[in-house]
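The next block holds one structure in the form of structure tokens; read it before the comments.
The analysis underlying the following values was restricted to heavy atoms, covering all of them including side chains, and did not include hydrogens, waters or symmetry mates. Protein chains get the first letters and strands the later ones, always in sequence-line order, with residue 1 at the start of each.
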There are 4 protein chains.
Amino acid sequence: MAQDRPLTTPPARKPRADSVKNRERLLLAAAEVFRAGGPEASLEAVARRAGVGIGTLYRHFPTREALFEAVYRREVEQLVDLAAQLCEREPPIQALRLWLHAGVGMAATKRGMLTALALAIDSSSEIYAYSFAHLTRALEALLSRASAAGAIRADVGPEDVLQAMVGLSMMGRQPGWEANAIRLLDIFVDGLGASAIGEMPES
Amino acid sequence: MAQDRPLTTPPARKPRADSVKNRERLLLAAAEVFRAGGPEASLEAVARRAGVGIGTLYRHFPTREALFEAVYRREVEQLVDLAAQLCEREPPIQALRLWLHAGVGMAATKRGMLTALALAIDSSSEIYAYSFAHLTRALEALLSRASAAGAIRADVGPEDVLQAMVGLSMMGRQPGWEANAIRLLDIFVDGLGASAIGEMPES
Amino acid sequence: MAQDRPLTTPPARKPRADSVKNRERLLLAAAEVFRAGGPEASLEAVARRAGVGIGTLYRHFPTREALFEAVYRREVEQLVDLAAQLCEREPPIQALRLWLHAGVGMAATKRGMLTALALAIDSSSEIYAYSFAHLTRALEALLSRASAAGAIRADVGPEDVLQAMVGLSMMGRQPGWEANAIRLLDIFVDGLGASAIGEMPES
Amino acid sequence: MAQDRPLTTPPARKPRADSVKNRERLLLAAAEVFRAGGPEASLEAVARRAGVGIGTLYRHFPTREALFEAVYRREVEQLVDLAAQLCEREPPIQALRLWLHAGVGMAATKRGMLTALALAIDSSSEIYAYSFAHLTRALEALLSRASAAGAIRADVGPEDVLQAMVGLSMMGRQPGWEANAIRLLDIFVDGLGASAIGEMPES
DNA sequence: GATGAATGAGACTTCATTCAT
DNA sequence: GATGAATGAAGTCTCATTCAT
């Protein structure tokens with residue numbers, strides 16, 4: 001009697017093999033589909049591309065939000081970590097540039113995440129807000145450092161730069177769009193520095 | 001009947017009725033609805049807002065594309081004209097800035113048109129291609145002029161700047177997004193000039 | 001200009017011919033389908049049986065509730081009116097019996113309405129509450145009259161009798177179920193009178 | 001292996017494990033779930049409430065019908081037995097009343113069983129027919145006895161009374177519905193007796 | 001045997017598009 | 001021409017049922 005397994009504690013069984021595989025496939029497919037079709041894209045398309053039934057998708061991710069979250073949270077976390085690292089080992093402007101480059105080149109999701117971030121700006125959904133808040137904070141560190149060094153103008157907030165990063169990366173899907181986005185972002189950072197010149201005699 | 005009209009010119013029918021009024025209303029409504037809901041917005045919403053039946057919408061614009069075209073063509077034409085004017089009466093950099101500002105502030109359609117342009121970049125649809133081609137050409141005049149004056153770096157094409165304009169305007173829907181987009185574009189133009197400084201002091 | 005039709009007042013056009021026909025078909029089909037499958041029955045089944053597209057059903061009745069309401073409201077109103085009439089022209093017990101018979105035999109919807117009423121008892125939905133409230137009130141008149149005449153026991157409320165009416169009519173779908181339900185209801189009314197005997201010497 | 005068992009009786013396998021416990025849990029859970037949600041209730045809800053996997057449910061009860069049957073058969077058997085007992089130790093009318101009360105108050109399944117019986121009346125399913133047939137037979141004994149004693153009218157069959165029992169119990173789910181159903185059934189039995197009075201004073 | 005993941009059918013709902021009036 | 005009703009495809013979501021582990 002006392003050995004009865006407690007009904008309230010599902011005994012944490014080892015995750016089934018095909019389940020793990022399906023989850024991975026779904027995340028991959030979702031990243032691709034969202035990248036192409038935006039965050040309104042059909043969940044059935046995701047399931048189809050993942051090669052699983054629609055029911056399987058819903059078992060793994062009961063809501064569209066849950067799927068988004070799973071797809072993007074890791075990316076966001078990596079970007080946040082990267083900001084901290086760059087602050088320590090790169091000069092201010094260079095750190096900023098590299099971080100923005102990373103934002104563009106983020107593996108696996110690319111435009112998908114960017115689209116999501118674009119929405120974050122006025123969407124009230126959980127994951128968007130989460131992403132927006134964390135990325136903003138990460139950027140803030142980079143910006144205030146660069147600003148303190150007089151390397152960039154001081155009247156630009158992290159939201160502005162985030163918006164620029166997303167906006168300049170969103171357009172264009174030709175081969176090579178990433179390199180192009182990086183080029184445009186570099187120009188933008190040049191602009192940040194250019195306007196700072198009059199304000200603080202450099203070094 | 002119809003005896004008072006020359007029999008030899010039947011193709012030109014009298015184009016008048018409340019039809020003209022409806023067409024105007026539809027264009028207005030479409031601009032508003034697309035602005036708010038993006039280019040995926042429901043056509044029924046457009047008809048409803050215009051106060052006409054959905055059938056009437058279809059009579060005037062047999063496809064969604066046709067409606068887009070009608071909505072945006074005028075805007076595009078105005079932008080194209082504006083480029084020519086600015087070339088004649090403003091200094092190079094200023095002309096470029098003002099044109100970009102106009103692109104952001106374009107009345108009546110705003111984000112709708114921007115979204116459409118965003119799509120244009122890899123969509124093969126008629127109207128998108130049309131808009132993209134014409135705007136690119138207009139921008140080219142502004143850019144080559146500024147570039148010739150040594151005011152901006154020379155390795156940036158009109159597609160790049162168009163992409164920046166659209167991208168930097170697309171994000172953010174809070175009140176004041178237009179002013180913000182203009183600010184970001186100005187920084188971008190600063191960047192175009194900043195990189196040019198070291199390259200071309202000789203002219 | 002002054003002749004412009006006001007946009008805010010949809011000019012009350014004559015209802016299209018097939019629309020009326022479809023509405024009628026839908027109501028008929030809904031009554032049948034709800035009768036057979038209860039109020040959870042598939043709306044697609046209703047549309048199928050009515051021979052119209054599912055979209056047509058939704059145009060006419062935007063919610064399941066709206067369809068229910070349309071199906072049942074008229075029936076309820078007729079029953080309410082009938083109660084008033086019977087109060088005036090029939091002796092108390094006879095009035096009660098005839099009203100219950102009418103409840104069973106209600107044309108067009110029969111079990112469908114009864115099922116709905118069955119649900120009314122604890123459902124909070126608009127139309128159920130409406131039906132329940134009005135039928136209860138109608139029954140109350142009949143009961144208090146019979147009770148005042150000493151023809152039935154006084155400790156039975158309209159909810160009780162309504163419950164009996166619905167319950168005794170709900171079962172059985174063989175041919176002849178209506179006559180059977182009437183028979184059972186008459187026995188129930190006999191029971192109401194039998195227990196009254198000791199309480200008030202008749203006439 | 002298996003050397004200690006006669007080779008001639010392999011069919012009787014040792015029926016024990018936690019399997020028995022699961023079966024019991026499932027029956028309990030099913031009774032509760034069907035009571036609350038009617039016979040359409042989700043089988044997954046049953047499994048969840050029983051704390052077992054959905055697969056386990058299906059192993060024990062390969063079809064929904066099989067589960068119903070297992071849930072209700074015992075109830076039906078108890079009612080059948082009760083009829084025989086009451087016939088022997090209670091006066092006719094009282095026996096009938098008590099049996100009907102028991103039918104209402106049947107533990108563990110309550111409305112679930114009643115709903116099932118309601119369906120039985122025109123459903124062709126195995127278990128419904130089984131229940132209906134047995135209950136009808138049990139009631140017949142009670143009725144013919146009461147009828148022979150002149151205590152109730154003779155023109156009412158067991159199906160009628162069964163229908164009354166189910167119908168009068170089905171409605172209302174407020175607290176206290178059982179007492180109410182019993183009250184209504186007593187009135188109905190009063191009605192059965194009242195109409196008998198004039199018909200059979202001679203016996 | 002037990003488990004819960006996978007599957008897909010079916011219901012709901014929204015619109016783009018066609019057509020009767 | 002204008003209108004809005006009809007249609008059905010497509011997407012969302014929920015289980016019943018099957019099956020791999």
Side-chain angles (χ1 to χ4, degrees), chain A residues 5 10-11 13-23 26 40-48 50-60 62-64, chain B residues 13 15-23 40-48 51-60 62-64, chain C residues 5 10-11 13-23 26 40-48 50-60 62-64, chain D residues 13 15-23 40-48 51-60 62-64:
Chain A
R5 232 203 273 112
R13 304 163 50 64
K14 97 167 121 69
R16 213 167 94 182
D18 54 347
S19 175
V20 173
K21 190 188 59 190
N22 279 339
R23 186 167 217 280
L26 279 166
E40 322 276 52
S42 150
L43 294 187
E44 288 194 330
V46 173
R48 213 154 36 230
V52 307
I54 181 66
T56 302
L57 185 155
Y58 272 91
R59 164 171 286 274
H60 284 282
T63 66
R64 178 183 290 270
Chain B
R13 310 271 272 104
R16 306 246 131 226
D18 49 348
S19 169
V20 172
K21 190 184 61 189
N22 278 342
R23 186 167 216 280
E40 322 275 54
S42 149
L43 293 188
E44 289 192 333
V46 173
R48 215 177 306 126
V52 306
I54 180 67
T56 304
L57 186 155
Y58 270 89
R59 165 165 293 271
H60 283 285
T63 66
R64 177 184 288 269
Chain C
R5 233 203 272 113
R13 305 164 48 63
K14 100 169 121 61
R16 213 167 93 181
D18 54 345
S19 175
V20 173
K21 189 188 62 192
N22 279 340
R23 185 166 219 280
L26 279 166
E40 322 275 53
S42 150
L43 293 188
E44 290 194 331
V46 172
R48 213 153 35 229
V52 306
I54 182 66
T56 302
L57 185 153
Y58 272 89
R59 165 170 285 273
H60 284 283
T63 66
R64 179 183 288 270
Chain D
R13 310 272 271 101
R16 306 250 130 222
D18 51 349
S19 169
V20 172
K21 190 184 61 185
N22 278 341
R23 187 168 216 278
E40 322 275 55
S42 149
L43 293 188
E44 290 191 332
V46 172
R48 216 177 307 126
V52 305
I54 182 66
T56 305
L57 185 154
Y58 270 88
R59 165 166 290 274
H60 283 285
T63 66
R64 177 184 288 270

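- Taking the salt bridge (Lys or Arg N to Asp or Glu O under 4.0 Å) definition, one finds that Arg59(D) meets it with nothing, sequence neighbours left out.
- With sequence neighbours left out, Arg48(D) forms a salt bridge (Lys or Arg N to Asp or Glu O under 4.0 Å) with no residue at all.
- Every residue meeting the side-chain hydrogen bond (donor to acceptor under 3.5 Å, both in side chains) condition with Arg16(A), not counting sequence neighbours, appears here in chain and number order: Asp18(A).
- Shown here are the side chain to side chain contact (heavy atoms under 4.5 Å, CB included) partners of Ala47(D), two or more places apart in sequence or in another chain: Val52(D), Ile54(D), Leu57(D).
- Where Pro62(A) and His60(C) each meet DNA chain F at their nearest nucleotide, the meeting point lying more 5' is that of His60(C).
- Closest approach of His60(D) and Ser19(D) over heavy atoms only: CE1-OG, 3.2 Å.
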Task: Trace of the side-chain contact (heavy atoms from CB on, under 4.5 Å) decision for Thr63(D) with Tyr58(D) - done: CA-CA 7 Å; Thr63(D) 66; Tyr58(D) 270 88; over 6 Å; no
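- Between the CG atom of Asp18(A) and the P atom of dA20(F) there is a distance of 9 Å, rounded to whole Å.
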Task: Under 4.0 Å protein heavy-atom contact, by nucleotide of nucleotides 7-12 of chain F - B base, S sugar-phosphate only - done: BBB-BB
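- Helical stems in DNA chain E, defined as runs of 3 or more consecutive Watson-Crick or G-U wobble pairs with donor-acceptor distances under 3.5 Å: E:2-21 with F:2-21.
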